[in-house]
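Since this is a predicted model, take the numbers as computed values, not measurements. Atoms within a ligand are numbered from 1 in the order they appear, just like the ligands themselves.
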Amino acid sequence: MTRAIPPPIDRRRLLCGGAALGLSSLAASPGRGLAATGPAEESLGALAAAKGLRFGASFATHELDAPYGPAYSELYAREARMITSELELKLFTLRPDALTLDFAPADRLLAYAQESDLALHGHTLVWNDGLPDWMKRLSPGEIRHLLDAHLMSVLERYRDGIPTWDVVNEPIAPWDRLPGNLRGGAFYEAMGEDYIAQSFRLAREYAPRCKLILNEAQTESDDENGRVFRESFLALVKRLTSEGVPIDGIGLECHLDTKRPYDFPRFAAYIEELATLVPDIAISEFDVNDRSLPDDIAQRDVAVADIYRRFLGAVLAVKAVRRLTLWQLADHTSWMYYDDARENPASGRRPRPLPFDDRFQPKRARAAIAEALAAMPAR
Ligand code: XIL
């Protein structure tokens, strides 16, 4: 079988970026640019901060261009203290083809965060999923070079504006049937498990003052899938920390699903165990998939809020949990909503996974978060 000849990589363009905007355009403006509509002390961000917890949600700049953009922005200014980049810093956004390094979306997000006085969390530098097709044509040597060049160019540009990073995302995927239940993909195929340690070491070198995080999904459910994820991830963290790999924090995504079984106290005990290895844990992408619940909106909202209450009650009791990030704040901006609208365009039912509805009004889940924040111990 013949192999397609990979396109040459222009090292200078990879390192410097073609369409880069000047960083001078990112100067911070003082204070919150947007008026808060509720009393600040009652916002979720303020309730969390009073206990030493950072609260926020993922954010996507394309939502600012929607008719509801100003209301979206106001909601974040009011409720959040930090945002996680949902799309803008992913490799497929930054590198749409082999020769382009497009910083414009990430520059826009950072400028927005600074104007709005929201801390920005970088998601994600290295991920074996969601990689652009052009990477499939690269040789192992070119992938290794790309990893280094990518970390260097992104971190040198943003290390002063973005203090915390998911360096490696979702290293575990048992269905790939690889040693350690690691996820396959371009970086794994080129470098084996070492792509993880190498990513953290390079990130430390290029951004010595940034906080470097290992982020993982699917560790929460009380079933075989959750058990395998928990054990495989814990074993990986043990290997990495025993080798002195510079991991400053762990993110546990927590995309919950009402059709799965949970034992939240047991999951909290798992977090305590992880925290003996890396004592700084984030719930990094929390939301609740309501697909198995009845259509009735009031019933669904009660059941989803009950999961919020029970889940947060258990995990926020663990003081090593220092950050709570939701995956968006309002239902119609959730990834689940977009997927559902694409897959079932005619459906009259849409997912309601988040604390605010499609008019940015608070739901029962918002009250459940506020109660959990008020009840948890201070960090
Ligand atoms: C999702 C985004 O929400 C979608 O908009 C995008 O199309 C795909 O990625 N785990 C992660 C996130 O770490 O990056 C994913 O975000 C959700 C699952």
Worksheet item: Does any donor atom in the side chain of Tyr270 or Asp263 lie under 3.5 Å from an acceptor atom in the other side chain?
Response: no
So the side-chain hydrogen bond (donor to acceptor under 3.5 Å, both in side chains) pairs with at least one residue in residues 274-284 (sequence neighbours excluded) are Lys211-Asp280, Asn215-Ser284
From the list Asp357, Asp331, Asp358, salt bridge (Lys or Arg N to Asp or Glu O under 4.0 Å) partner of Lys363 resolves to Asp331
Taking atom CZ of Arg366 as the centre, report whether more than 12 heavy atoms of other residues, nucleotides or ligands fall under 6.0 Å from it. yes
Are there any N/O pairs under 3.5 Å between ligand 1 and the protein, and if so, what are their distances?
residue	atom	partner	partner atom	Å
ligand 1	3 (O)	Glu86	OE2	2.5
ligand 1	3 (O)	Trp327	NE1	2.9
ligand 1	5 (O)	Glu86	OE2	3.4
ligand 1	9 (O)	Lys90	NZ	3.0
ligand 1	10 (N)	Glu170	OE2	3.0
ligand 1	10 (N)	Glu253	OE1	3.2
ligand 1	10 (N)	Glu285	OE1	3.0
ligand 1	13 (O)	His123	NE2	3.3
ligand 1	13 (O)	Asn169	ND2	2.9
ligand 1	13 (O)	Glu253	OE2	3.2
ligand 1	13 (O)	Glu285	OE1	3.3
ligand 1	13 (O)	Glu285	OE2	2.8
ligand 1	14 (O)	Lys90	NZ	2.7
ligand 1	14 (O)	His123	NE2	2.6
ligand 1	16 (O)	Lys90	NZ	3.2
ligand 1	16 (O)	Trp327	NE1	3.4

Heavy atoms of Ser232 and Asn181 approach each other most closely as OG-ND2, 2.9 Å
Result for ring-ring contact (aromatic ring centres under 6.0 Å, His included) between His332 and one of Phe356, Phe360, Tyr72 points to Phe360
